[in-house]
*Asks:* 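I am attaching a structure below and will ask some questions about it afterwards.
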Amino acid sequence: MLLRSRLVRPLLKANVRYAAGTEGPNNAILEMLKINKEEEAQSPDKNPYKIRAFTSAIKVISELDHPIQSAIEAKALKGVGPGILRRIQDFFDTSGHTPDVLDPAAADQLKRNRVARAELEQVTGIGPVKARQLVAAGCMTIEQLKTPPYLEMLTTTQQRIGVTYFHHLGERVSRAEAETVAQFIRDAIPSKYEVIIGGSYRRGAATSSDIDLIILHPDHVHVPVPLGTPSKVSTVSATKRNGALPASLLQSEVVPALQTRGILAAAMSSGDLKWQGIVLVPEPTDDQWGERQRRLAAIESGQGVYRRMDLNLVAQKSRGAALIALTGDTEFNRDVRIRASKVGMHLNEYGLWRWNENSEENSEEEGKDDSAGFWELVRAHTEEEVLRELGMEYVEPVKRNFSLVLGKGPARMKAKGKKR
DNA sequence: GTGACATCGCATAATT
DNA sequence: AATTATGCGA
DNA sequence: GTCAC
């Protein structure tokens with residue numbers, strides 16, 4: 001009897017007693033901040049950076065695993081400054097909200113939950129939100145993730161694949177593996193395609209977390225123009241703004257060819273410009289690639305070496321900008337893009353853009369059209385062009401490993417990227 | 001105190 | 001059904 | 001609104 005009840009209700013109920021229908025220990029505060037954020041978002045003269053600041057504070061507080069005891073405690077978090085402090089202070093004062101006090105046992109449980117969340121977040125597709133849900137439901141290890149009822153909580157294909165291939169994805173990708181895959185793909189698709197290995201491989205790393213491929217074809221010429229204005233470039237994705245275009249070469253030719261050849265093990269996402277998923281690293285046999293049937297059978301049974309791979313279809317015109325964006329590293333990209341915005345331009349993976357104001361007359365003639373100008377592509381074809389336009393000397397890919405340099409130096413601890 | 005704040009693709013959930 | 005927001009990754 | 005300077 002006692003044994004049975006323990007099996008059915010494992011020890012965790014005590015720590016998931018946050019108010020029903022909520023998911024975190026600071027839900028009341030978060031709701032309050034979300035209202036503040038929404039007010040700013042609705043304001044006619046809204047400050048996008050202020051909205052972002054609210055978002056950032058909400059995020060960092062939502063990741064806390066315990067109730068905030070005092071406004072001062074929150075102030076210590078990165079992203080919480082005087083403004084949020086004041087709001088939390090007011091909230092405590094006016095709402096009569098009294099934070100729960102933790103006893104040692106509860107504190108211990110919270111610590112275990114924190115460890116569990118960190119473990120679950122190692123699975124690609126599981127971030128802070130999903131990890132919290134899982135731990136709240138009682139899932140404490142990746143092993144448990146593979147069993148009901150937790151497996152059913154993994155709703156996205158990305159999460160399912162992340163669990164299935166977790167062991168493989170923990171392995172680093174060697175340069176040889178990246179080269180093998182890239183060469184196989186070159187052999188599998190028409191010779192008009194050009195395949196470049198980007199990412200940390202191109203920066204000279206001995207091993208990488210994934211295989212990042214840049215694919216060019218003379219017939220793929222689509223270069224989307226940024227939406228919005230310099231002060232607020234829209235984040236609407238290209239798929240939205242493009243509406244219905246003919247299926248891209250990636251979807252009509254590249255992906256099908258690779259499927260046929262039996263190296264695509266699973267697709268996490270697959271669009272007109274980008275494919276993300278798992279590749280089976282093919283084994284060269286003598287001077288030829290092994291049997292396609294053998295690979296398909298291997299994928300079926302989970303045998304072989306699997307790695308994360310990204311395919312990016314890029315227009316020739318965007319080659320330079322795309323190489324910069326897809327080579328990284330993150331800190332280098334941030335630095336270059338900041339330089340662009342400092343001189344009133346916009347850099348994305350499609351190119352370096354300049355904003356042209358419409359003249360008064362133009363605006364008048366357009367009638368009620370309040371669009372104040374248009375984006376003009378300045379440079380994009382080569383990395384050197386783009387960097388030169390920004391007043392920079394060319395930087396060898398191998399010298400773009402800013403994260404390492406800045407990581408151990410003073411200041412500049414801004415990186416909010418993930419460990420993976 | 002003041003100037004600067006990365007950008008985007010895709011999948012899914014939520015909302016209208 | 002269509003649009004918008006969120007989550008996540010890079 | 002927050003942070004680095």
Side-chain angles (χ1 to χ4, degrees), chain A residues 33-34 36-38 40-41 46-60 62 75 77-87 121 123-133 154-162 198-200 208-212 224 226-228 231-243 248 250 267-277 308-313 321-322 324-342 345-351 353 410-420:
Chain A
L33 291 176
K34 283 174 186 169
N36 277 281
K37 173 189 169 185
E38 204 46 43
E40 181 65 23
K46 60 187 169 191
N47 175 355
Y49 299 110
K50 190 166 171 179
I51 298 171
R52 184 185 301 171
F54 274 121
T55 306
S56 148
I58 287 168
K59 183 165 188 292
V60 69
S62 74
K75 176 71 170 66
L77 301 168
K78 196 169 73 175
V80 177
I84 306 283
L85 169 68
R86 177 178 57 75
R87 285 170 164 82
E121 282 183 34
V123 176
T124 187
I126 298 182
V129 172
K130 196 69 190 184
R132 178 183 295 285
Q133 289 171 8
L154 304 184
T155 53
T156 70
T157 57
Q158 199 178 17
Q159 291 160 352
R160 291 296 180 98
I161 294 170
S200 56
S208 312
S209 60
D210 66 350
I211 303 171
D212 239 308
L227 288 185
S231 63
K232 184 182 182 299
V233 175
S234 168
T235 58
V236 176
S237 67
T239 43
K240 289 286 183 187
R241 52 189 163 191
N242 291 344
S248 77
L250 187 62
M268 291 173 159
S269 76
S270 182
D272 284 345
L273 303 175
K274 184 187 293 280
W275 183 95
Q276 295 184 304
R308 272 283 289 109
M309 176 171 76
D310 286 0
L311 305 177
N312 299 280
L313 182 63
I324 292 174
L326 297 172
T327 298
D329 63 8
T330 299
E331 287 291 324
F332 178 77
N333 286 352
R334 184 198 300 270
D335 185 71
V336 180
R337 286 172 170 175
I338 289 172
R339 283 172 190 263
S341 65
K342 275 181 176 154
M345 295 198 276
H346 180 72
L347 178 64
N348 61 22
E349 66 180 289
Y350 304 114
W353 307 82
R412 205 60 233 204
M413 294 287 286
K414 183 81 174 173
K416 64 170 186 177
K418 311 246 165 172
K419 329 87 208 169
R420 290 191 291 280

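Lettering of chains follows the sequences in order, A, B, ..., and the numbering in each one begins at 1.
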*Asks:* Nearest whole Å is fine: how far is B:dC10 C1' from A:Leu250 CG?
*Replies:* 13 Å
*Asks:* Determine, stepwise, if the pair A:Asp310 / A:Arg308 fulfils salt bridge (charged side-chain N to carboxylate O under 4.0 Å, His left out).
*Replies:* CA-CA 7 Å; A:Asp310 286 0; A:Arg308 272 283 289 109; 3.0 Å; yes
*Asks:* Are A:Arg87 and D:dG1 close enough that a side-chain N or O sits under 4.0 Å from OP1 or OP2?
*Replies:* yes
*Asks:* Any side-chain N or O of A:Arg308 below 4.0 angstrom from OP1/OP2 of C:dA10?
*Replies:* yes
*Asks:* To the nearest angstrom, how far is A:Met268 atom CE from C:dC8 atom P?
*Replies:* 14 Å
*Asks:* So does A:Ser56 get a side-chain nitrogen or oxygen closer than 4.0 Å to the phosphate oxygens (OP1/OP2) of D:dT2?
*Replies:* no
*Asks:* Whole angstrom is fine here: how far is it from CG in A:Leu313 over to P in B:dC10?
*Replies:* 10 Å
*Asks:* How many angstroms lie between atom CD of A:Glu349 and atom CG of A:Leu347, to the nearest 0.5 angstrom?
*Replies:* 10.0 Å
*Asks:* Base, sugar-phosphate, or nothing: which does A:Ile51 touch, judged by heavy atoms less than 4.0 Å apart?
*Replies:* nothing
*Asks:* For B:dA6, take OP1 and OP2 only and decide whether either is under 4.0 Å from a side-chain N or O of A:Tyr49.
*Replies:* no
*Asks:* Nearest to the A:Tyr350 side chain among D:dT2, C:dG9, B:dG9, which nucleotide is it?
*Replies:* B:dG9
*Asks:* Would you kindly give the CZ-to-C1' distance between A:Arg160 and B:dT12, to the nearest whole Å?
*Replies:* 14 Å
*Asks:* Without decimals, in angstroms, what is the distance between A:Lys75 NZ and D:dT2 C1'?
*Replies:* 9 Å
*Asks:* Is it the case that the side chains of A:Trp353 and A:Asn348 hold a donor-acceptor pair, with the cut-off being a distance below 3.5 Å and no angle test?
*Replies:* yes
*Asks:* Side chain of A:Arg52: nearest nucleotide among B:dC5, C:dT6, D:dT2?
*Replies:* B:dC5
*Asks:* Rounded to whole Å, how long is the line connecting atom CG of A:Asn312 with atom C1' of B:dT7?
*Replies:* 14 Å
*Asks:* How close or far is atom P of C:dT6 from atom CZ of A:Arg132, stated in whole angstroms?
*Replies:* 17 Å
*Asks:* Checking all strands, does A:Leu33 fall into the base, sugar-phosphate, or nothing category for heavy-atom contacts under 4.0 angstrom?
*Replies:* nothing
*Asks:* Within the distance-only criterion (no hydrogens, no angle test), does the side chain of A:Arg160 pair as donor or acceptor with the backbone N or O of A:Leu154 below 3.5 angstrom?
*Replies:* yes
*Asks:* Taking only side-chain nitrogens and oxygens of A:Asn333, does any of them come within less than 4.0 Å of OP1 or OP2 of B:dA6?
*Replies:* no
*Asks:* Could you check how far NZ of A:Lys274 sits from P of C:dG9, rounded to whole Å?
*Replies:* 14 Å
*Asks:* Out of D:dC3, C:dG9, B:dT7, which has the shortest distance to the side chain of A:His346?
*Replies:* B:dT7
*Asks:* Mind checking if A:Val80 touches a base, just sugar-phosphate, or nothing, with heavy atoms under 4.0 Å?
*Replies:* sugar-phosphate
*Asks:* Which is true for A:Asp310 with a 4.0 Å heavy-atom rule: it touches a base, it touches only sugar-phosphate, or it touches nothing?
*Replies:* sugar-phosphate
*Asks:* Taking atom P in both D:dA4 and B:dA6, what distance in whole Å separates the two?
*Replies:* 13 Å
*Asks:* State whether A:Arg337 places a side-chain N or O below 4.0 Å from either non-bridging phosphate oxygen (OP1 or OP2) of B:dC8.
*Replies:* no
*Asks:* A:Asp210 side chain: which of B:dG9, B:dA6, C:dA10 is closest?
*Replies:* C:dA10
*Asks:* Name the nucleic acid region contacted by A:Arg86, choosing base, sugar-phosphate or nothing; use a 4.0 angstrom heavy-atom cut-off, strictly under.
*Replies:* sugar-phosphate
*Asks:* My understanding is that only residues two or more places apart in sequence, or in another chain, count here; which of them pass side-chain contact (heavy atoms from CB on, under 4.5 Å) with A:Lys37?
*Replies:* A:Ile51, A:Phe54, A:Thr55, A:Ile58
*Asks:* Considering every strand and a 4.0 Å limit on heavy-atom distances, what is the contact class for A:Leu326: base, sugar-phosphate, or nothing?
*Replies:* nothing
*Asks:* Identify, between A:Thr156 and A:Arg339, the residue whose nearest nucleotide on DNA chain B lies closer to the 5' end.
*Replies:* A:Arg339
*Asks:* Using heavy-atom distances to pick each residue's nearest nucleotide on DNA chain B, tell me which of A:Gln276 and A:Thr157 is more 5'.
*Replies:* A:Gln276
*Asks:* So, A:Thr156 side chain and A:Gln159 main chain: donor-acceptor pair closer than 3.5 Å or not?
*Replies:* yes
*Asks:* Phosphate oxygens OP1/OP2 of B:dA6: is one of them under 4.0 Å from a side-chain N or O of A:Arg334?
*Replies:* yes
*Asks:* CG of A:Leu326 to CG of A:Asp212: how many Å apart, nearest 0.5 Å?
*Replies:* 6.5 Å
*Asks:* Nearest of C:dT6, B:dT12, B:dG9 to any side-chain atom of A:Glu349?
*Replies:* B:dG9
